[in-house]
Q: 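There's a structure below that I have some questions on.
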Amino acid sequence: MNKMKKIWFKSAFLAMVGMSMTSCGDFLDIYPLTMVYEDNYWNEKNDVDQIVTGCYTRMQDDDFVRRLFIWGESRSDNTRRGFHPKFSATSAEGYILSENLLSNNAYTDWSSFYSVIDRCNLVIQKAPQVAEKDPNYLPSDVQATIAEVTALRALCYFYLVRTFKDVPYYTEAITNDEQELNLPATDGDVIVRNLINDLVAVWPNALKVWPKQSGKDISYGRITQNAIFAMLADMYLWIGDYSNAEKYAQMVIDNKTEYFKENYSSYYMVGEYPLIPDNDNTILMAGLAYQYNFGEGGGPESIFELEFSESKTDGTKSNDVPAAFFYRFIAEEKKEIGYGLFAPAEELWKELSSPQIFLSNKDTRIKESIHVDNEANPEIVDIAKYTYSSIMPSLPTGSTLAYVGRLTKNDANWVFYRVSDMMLIKAEALICMMGEEESERNDSLGQAAFDLIKAIADRSAPNTSSTLDYNNYSTKSQLMDLVFDERRREFLFEGKRWFDLVRHSRRDGNTEYLVEAVQSKFTENAATATGKLKNIMAMYWPYNYDELQVNHNLKQNPAYPEAGDSFESTGK
């Protein structure tokens, strides 16, 4: 049985019937394979709903969420080794931070993403068959289900493509162990174009909003039309179709603007944009945007996020990644309060009185992203985002900065998309479309992009963003630097920065921008680390060593050796 088949039997079968089995052997002894598929399941709408729920449940697993951060953030200029006493330079995380990636690094294992893809493929195949048996499963319900899992599958593949470039791609359901899955890698851009075609076809069938549950809005935690539009904007930007990237980003912005105007006063907007002011505007408290976006989760800016629960009794999962990687605020069994495995890169915090990265020391995102124990001597820092439920980033002189940690299990939702992401995707697309030469440059597009960037800056640093002036950005490259700098400030530690650097390199055809960005994080062997990254294929990850042993049609990324030395891994 090849590796991808093992993924299937360990994951999808168990989730399908909602059982807590310890091995696939136990399961298959009780429920023969043919019974599961034909006689004992897939008879009514509730059966389908359970598998769809299982897709989200699988995404909540620690090994999945870890990769959202590791793949999208850990290699970037945002991170360095943390202050956890058990951090090891020879752990999976240690090797990543030193840019010493090998094919047997634990985080090259992509099985958690393929297990979600497998579930989605199965639902797409089985849902129409269930409708033939269950008259209460209406055609519109089936179409909405297929739209939802098509989007989840697309999101997983998009992560794989951005991480590994070319990956095995299949959309058929795995229904028996005779199906061959020794697939070669499909070109990543071909995959993304297929994903786009799928999403364009299904988005009209997706729900605009989900019915409330117990009076609670759950739309942010399930696929909606806005979530699909956000994915389309991101994917179009990735392949360089800038007009469509701008189009779909604007569709989300328009929908969110309408929502804000219908449900909130103008105090909850920044100008005409659907952004909650984050600095003290005399009406709203400072840090309110952080509280909505990362403390409580599911705020009005949210488009799609992975939801976790603070309950200890309802069987739901907690998000342990911030506690492991950033900061553990409370003690748990065998886990003490303390720092995580990752910390903010030094350039983010070493000169807070006159910061290099942020607009000024009044930018609220400093406090919301980085916690410094002693600002007069910032030797130890931790990542604040996601670990605190509430942060008050600016208080009257003489007051103490307020941080409120998570007092129960970690219930921080993981945010995939929010409004500011759409605004900056649109800004980047507009800059790409404005033209290269001054005589040909469309400055109306540049001005529109600048206005979007400045609105986000105004939300977090209203008293200092006034220094941003379009006339100071006379070239397209200067505007592009501005939008990438703003994305860095806005999405610190949200699993986006490395993908941003890769996207920039794809557009440039070289890794000069990426290398310049990350070289400051290497305090040792900097030349070796950055030298590797001059190979454009090295910005992608190697395929897992075990995967290559069982799938001989999969050929290793040429930037990496076929095998590496073994090491003890803390990765999951």
Q: Check the orientation of F229 and W203. Use parallel for under 30°, tilted for 30 to 60°, and perpendicular for over 60°.
A: perpendicular

Q: Report the relative orientation of the aromatic rings in F326 and F493; use parallel for angles under 30°, tilted for 30 to 60°, perpendicular for over 60°.
A: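 The rings of F326 and F493 sit tilted, inter-plane angle from 30° to 60°.
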
Q: Give a yes or no answer on whether the side chain of Q291 reaches the backbone of E296 with a donor-acceptor pair at less than 3.5 Å.
A: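 Such a contact is absent between Q291 side chain and E296 backbone.
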
Q: Mark yes or no for whether Q60, through its side chain, and F308, through its backbone, hold a donor-acceptor pair below 3.5 Å.
A: no

Q: To check you understand the geometry: which heavy-atom pair defines the closest contact between Y339 and H84, and what is its length?
A: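 The answer is O-CD2, 3.0 Å.
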
Q: Have Y137 and T145 got a donor and an acceptor in their side chains that come within less than 3.5 Å?
A: yes

Q: Looking at residues at least two apart in the chain, or sitting in another chain, which of them share a side-chain contact (heavy atoms from CB on, under 4.5 Å) with S76?
A: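 Here the qualifying residues are E73, N78, R497, W498, L501.
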
Q: Which of parallel (below 30°), tilted (30 to 60°) and perpendicular (above 60°) describes W238 and F158?
A: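 If you compare the ring of W238 with that of F158, the planes turn out perpendicular.
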
Q: Should the ring pair F164 and W71 be called parallel, tilted or perpendicular, given that the plane angle runs from 0 to 90° and is split at 30 and 60?
A: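 Ring orientation, 0 to 90° scale: perpendicular.
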
Q: Okay, side chain of R459, backbone of I276: is any donor-acceptor separation there less than 3.5 Å?
A: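 Checking the backbone N and O of I276 against the side chain of R459, a donor-acceptor pair under 3.5 Å is found.
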
Q: Between E486 and R489, is the closest basic N to carboxylate O distance under 4.0 Å?
A: yes

Q: Any side-chain heavy atom of M231 within less than 4.5 Å of one from Y248?
A: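 Counting from C-beta outward, M231 and Y248 never come under 4.5 Å.
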
Q: Which heavy atom of L152 sits nearest to which heavy atom of C55, and what is that distance?
A: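 Closest approach of L152 to C55: CD1-CB, 3.9 Å.
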
Q: List in chain and number order the residues that pass side chain to side chain donor-acceptor pair (under 3.5 Å) with D189, two or more places apart in sequence or in another chain; answer none if no residue qualifies.
A: R506

Q: Would you find a donor on one side and an acceptor on the other, under 3.5 Å apart, between the side chain of S302 and the backbone of G299?
A: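 Not at all, since once roles are kept as given, no pair shorter than 3.5 Å links the two residues.
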
Q: Between the main-chain N or O of V130 and the side-chain N or O of D134, is there a donor-acceptor pair closer than 3.5 Å?
A: no

Q: What is the ring orientation for Y114 with Y157, classed by angle as parallel under 30°, tilted 30 to 60°, or perpendicular over 60°?
A: perpendicular

Q: Over all heavy atoms of both residues, which pair between A324 and R66 is shortest? Give the atoms and the distance, please.
A: CB-NH2, 4.0 Å

Q: Check for a donor-acceptor pair, side chain of D382 on one end and backbone N or O of G340 on the other, with a separation under 3.5 Å.
A: no

Q: Establish, for the pair R58 and Y56, whether the NZ or CZ atom is under 6.0 angstrom from the six-membered ring centre and no further than 45 degrees off its axis.
A: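 Checked: cation-pi criterion not met.
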
Q: Which pair of non-hydrogen atoms, one from Y543 and one from A185, has the smallest distance, and what is that distance?
A: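 It is OH-CB, 3.6 Å.
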
Q: Scan residues 414-425 for pairs that pass side-chain hydrogen bond (donor to acceptor under 3.5 Å, both in side chains), counting only residues two or more places apart or in two chains.
A: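 Applying side-chain hydrogen bond (donor to acceptor under 3.5 Å, both in side chains) to every pair that reaches into residues 414-425, excluding sequence neighbours, yields D234-Y417, R418-S420, R418-E490, R418-E494, S420-E490, D421-R487, D421-K496.
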
Q: Can you tell me if T108 uses its side chain to pair, donor with acceptor, with the backbone of N104 under 3.5 Å?
A: no

Q: Measure from NZ or CZ of R503 to the centre of the six-membered ring of F499, then state whether that distance is under 6.0 Å and the direction lies within 45° of the axis.
A: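 Checked: cation-pi criterion not met.
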
